[in-house]
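For reference, the structure is listed below as structure tokens.
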Amino acid sequence: MRPEVRLSLPTLTTYKTLLSCRPQLRSNRLLKLGDEVACFLDGDIAPAPTSALFTMRHLASRHKEVSQWQTQMFESIGQVALEMTAVEQGKDTAERCLQEKQLHSQLIGSCVAIGYGLCSGPNRVLAELKKEEQLNNEIKELLQKQICVLLSKLRSLKEIRTQLLADFQDKSEAIKLTTKCINHRLETASTELPAGQYKPNYVSYDHWLTHCKDLKGTADHLMKDSSTFRQNLRFTLVTEKNAQERQRRSVDDALRNKINELSQLQNALVWERQRLRDEMTDQTRYVQNVVGQIRNCDSKLQQATQRLDILDQRPREELCLDQAFFTLRLEEHDLANMAAGLLSVLKHSQQELENKHKTMMTLQDHIDQNACTMLEAQKCQKLHQSFLPALDPAVVFANKPAVRPGRSSAYSYLQ
């Protein structure tokens, strides 16, 4: 018979020695087991390595811990993706706002050009238009700066998302290998095991844990910072929009007052023109009446002169200075004086009529110029009112994961 052989096990690492070489996991703190176990081998009892017993538990604990971190990374990836969507929507909205401000700037520039021609004195309309133009330029500069900041934050979010995805994939692979290690059996042929072609680059457990915490902390910080920036940007844009709306109403009020002032002046000028026309009509009739009186006086004077000529034809002693002669002489003298006075009155009346004509021409120029100014003011008002910001109930700068479907206005953040 084959002599009985007694097997002995090599000296193995105890449980306490193993724990002193590797940081103890949280789940192992509650374990209260002995330092060694007994096993039967050919009927004899021999001590079994404690590390062999706790290896499976350590693998299971490691599997659980990596899975928990993988879940947190997965949640962070989803949150970062939502924040990226919100930032992109905010950037698109800010770009649409910038385009509208550029168009508004062109319209305001046209209104300012019109405002210079409204009047030569103090011009409230021009002053208010310049204020609105300056405010619009300030908002444009603000939007340009904020768009650059949004692009920077979007790049940072993309980078951290790439790192999170890579870490998530690494943890997925680690979980697969840990599971494979747990399920590994001794019957597996040595040829099926991967050959060690390179030396593993180990890192400490503390380094791994710090990496996980730092990665998740960085992602949380970037998301919080991005969300806070979007909220601050929304508040700033709402404030600027309210300021611009107040300034727009100030311009509208100045234009309405200017148009009302020009309209009242136009009515007064038209009324003055009508009064002057009536005076000219009366003056023309008066001149015509004076001309008729002069003609009548000239006719009577000619008749008196002819009568005197006839009396002067009397013969010798009959050609005397009788009462008839003196009466005709007196009538001729009176008619001559009357004709001279009427000529003076006619000349003065014609001079007044000519002055009224000049006044009428000047007044008509004022009326035409005022009408042109009023048309320019109405044109400026119509042009200014042609650009009104669209209103939309959707809010794109709010800290929300999604935006309602439908076409969004560039002023959505103002609601």
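In this structure the side chain of Arg285 reaches within 4.5 angstrom of the side chain of Thr281, judged on heavy atoms. In this structure, Val345 and Ile294 have side chains that are not in contact, with every pair of non-hydrogen atoms separated by 4.5 Å or more. Under the 4.5 Å side-chain criterion, counting only non-hydrogen atoms from C-beta, Leu126 is in contact with Lys130. Between Gln351 and Lys347, every side-chain heavy-atom pair lies at or beyond the 4.5 Å cut-off. Arg124 is not listed as a side-chain neighbour of Lys258, based on a closest heavy-atom distance of 4.5 Å or more. Using a 4.5 Å heavy-atom threshold, the side chains of Lys216 and Leu164 count as separate. Taking the side chain as every heavy atom from C-beta outward, Leu269 and Asn370 approach each other to under 4.5 Å. Between Leu157 and Ser226, the closest side-chain pair of non-hydrogen atoms falls below 4.5 Å.
For the pair Asn123 (side chain) and Gly115 (backbone), a donor-acceptor distance under 3.5 Å is present. Asn183 places a side-chain N or O within 3.5 Å of a backbone atom of Thr179 that can act as its donor or acceptor partner. A donor-acceptor contact shorter than 3.5 Å is absent between the side chain of Ser61 and the backbone of Arg57. Distance alone, capped at 3.5 Å, is enough to place a donor-acceptor pair between the Asn232 side chain and the Thr228 backbone. Under a 3.5 Å cut-off, the side chain of Ser349 and the backbone N or O of Leu346 do not form any donor-acceptor pair. Proximity of a side-chain donor or acceptor of Thr239 to a complementary backbone N or O of Phe235 within less than 3.5 Å is detected. The closest donor-acceptor contact from the side chain of Asp167 to the backbone of Gln163 lies at 3.5 Å or more, if one exists at all. Ser105 contributes no side-chain N or O that, together with a main-chain N or O of Lys101, makes up a donor-acceptor pair within less than 3.5 Å. Ser67 places a side-chain N or O within 3.5 Å of a backbone atom of His63 that can act as its donor or acceptor partner.
Salt-bridge formation is detected for the pair Arg256/Asp253: a Lys NZ or Arg NE/NH1/NH2 atom is positioned less than 4.0 Å from an Asp or Glu carboxylate oxygen. Between Glu141 and Lys145, no side-chain nitrogen of the basic residue sits less than 4.0 Å from a carboxylate oxygen of the acidic one, so the salt-bridge criterion is not met. With salt bridges taken as basic N to acidic carboxylate O contacts below 4.0 Å, none links Glu83 and Lys153.
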- Report the C-alpha distance between Asn257 and Glu261 in whole Å, list the side-chain angles of each, state the deciding distance to 0.1 Å, and finish with yes or no for side-chain hydrogen bond (donor to acceptor under 3.5 Å, both in side chains). CA-CA 6 Å; Asn257 292 338; Glu261 177 185 344; over 6 Å; no
- Evaluate side-chain contact (heavy atoms from CB on, under 4.5 Å) for Leu233 paired with Leu150, printing each intermediate quantity in order. CA-CA 10 Å; Leu233 176 60; Leu150 287 172; 4.0 Å; yes
- Task: Could you please spell out the steps behind the salt bridge (charged side-chain N to carboxylate O under 4.0 Å, His left out) verdict for Glu159 and Arg155?
- Result: CA-CA 6 Å; Glu159 292 176 0; Arg155 286 193 297 267; over 6 Å; no
- Task: Evaluate the criterion side-chain contact (heavy atoms from CB on, under 4.5 Å) for residue pair Val290 and Tyr286; output intermediate values, then yes/no.
- Result: CA-CA 6 Å; Val290 171; Tyr286 180 75; 3.8 Å; yes
- Query: Going through the checks in order, is the side-chain contact (heavy atoms from CB on, under 4.5 Å) test met by Thr210 and Tyr205?
  - Reply: CA-CA 8 Å; Thr210 302; Tyr205 173 80; over 6 Å; no
- Test side-chain contact (heavy atoms from CB on, under 4.5 Å) on Gln99 and Leu103 and set out the steps. CA-CA 6 Å; Gln99 292 177 358; Leu103 176 60; over 6 Å; no
- Message: Between Arg248 and Asp252, does the salt bridge (charged side-chain N to carboxylate O under 4.0 Å, His left out) criterion hold? Intermediate values first, please.
- Response: CA-CA 6 Å; Arg248 187 184 68 83; Asp252 288 341; 3.2 Å; yes
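A side-chain donor from one of Gln244 and Asn136 sits under 3.5 Å from a side-chain acceptor of the other. If you check the side chains of Asn137 and Glu133, you find no donor sitting under 3.5 Å from an acceptor. His333 and Asn337 are linked by a side-chain donor-acceptor pair at a separation below 3.5 angstrom, with hydrogens and angles left out of the test. Looking at His366 and Glu272, their side chains never bring a donor and an acceptor atom within 3.5 Å of each other.
Environment of CE in Met338: sparse, with no more than 12 heavy atoms of neighbouring residues, nucleotides or ligands closer than 6.0 Å. Other residues, nucleotides and ligands place more than 12 heavy atoms under 6.0 Å from the CZ atom of Phe229. Residue Arg275 places its CZ atom among more than 12 non-hydrogen atoms of other residues, nucleotides or ligands, all under 6.0 Å distant. By the 6.0 Å contact criterion, NZ on Lys140 is enclosed, its count of non-hydrogen atoms from other residues, nucleotides or ligands being greater than 12. By the 6.0 Å contact criterion, CD on Gln102 is enclosed, its count of non-hydrogen atoms from other residues, nucleotides or ligands being greater than 12.
A distance of 12.5 Å separates CZ of Arg246 from CD of Glu132, quoted to the nearest 0.5 Å. Atoms CD and CG, on Gln293 and Leu343 in that order, are 11.5 Å from each other to the nearest 0.5 Å. Here the straight-line distance linking atom NE2 of His221 with atom CG of Asp214 works out to 12.5 Å at 0.5 Å rounding. A distance of 13.0 Å separates NZ in Lys382 from SG in Cys380, rounded to the nearest 0.5 Å. One finds the CD atom of Glu332 at 15.0 Å from the NZ atom of Lys300 (value rounded to the nearest 0.5 Å). Here the CG atom belonging to Leu255 is positioned 7.5 Å from the SG atom belonging to Cys111, to the nearest 0.5 angstrom.
Checking Val80, Leu151, Leu222 one by one against Ser156, the side-chain contact (heavy atoms from CB on, under 4.5 Å) holds for a single residue, Leu222.
The nearest pair of heavy atoms linking Ala377 to Leu262 is CB-CD1, 4.2 Å. Smallest separation of non-hydrogen atoms from Val125 and Ala254: CG2-O, 3.4 Å. A pairwise comparison of heavy atoms in Leu107 and Ser386 identifies CD1-OG, 4.2 Å as the closest pair. The two residues Cys181 and Leu59 make their nearest non-hydrogen contact at SG-CD1, 3.7 Å. The shortest heavy-atom contact between Leu335 and Leu301 is CD1-N, 3.3 Å. Scanning both residues, Met84 and Leu154, for their nearest heavy atoms gives O-CD1, 3.9 Å.
Residue pairs satisfying the salt bridge (Lys or Arg N to Asp or Glu O under 4.0 Å) criterion with at least one member in residues 352-378, sequence neighbours excluded, are listed as follows: Glu279-Lys356.
A cation-pi geometry, defined here as NZ or CZ lying under 6.0 Å from the six-membered ring centre and within 45° of its normal, does not hold between Arg62 and Trp69.
Partners of Gln70 under the side chain to side chain donor-acceptor pair (under 3.5 Å) rule, at least two apart in sequence or in another chain, are Ser172.
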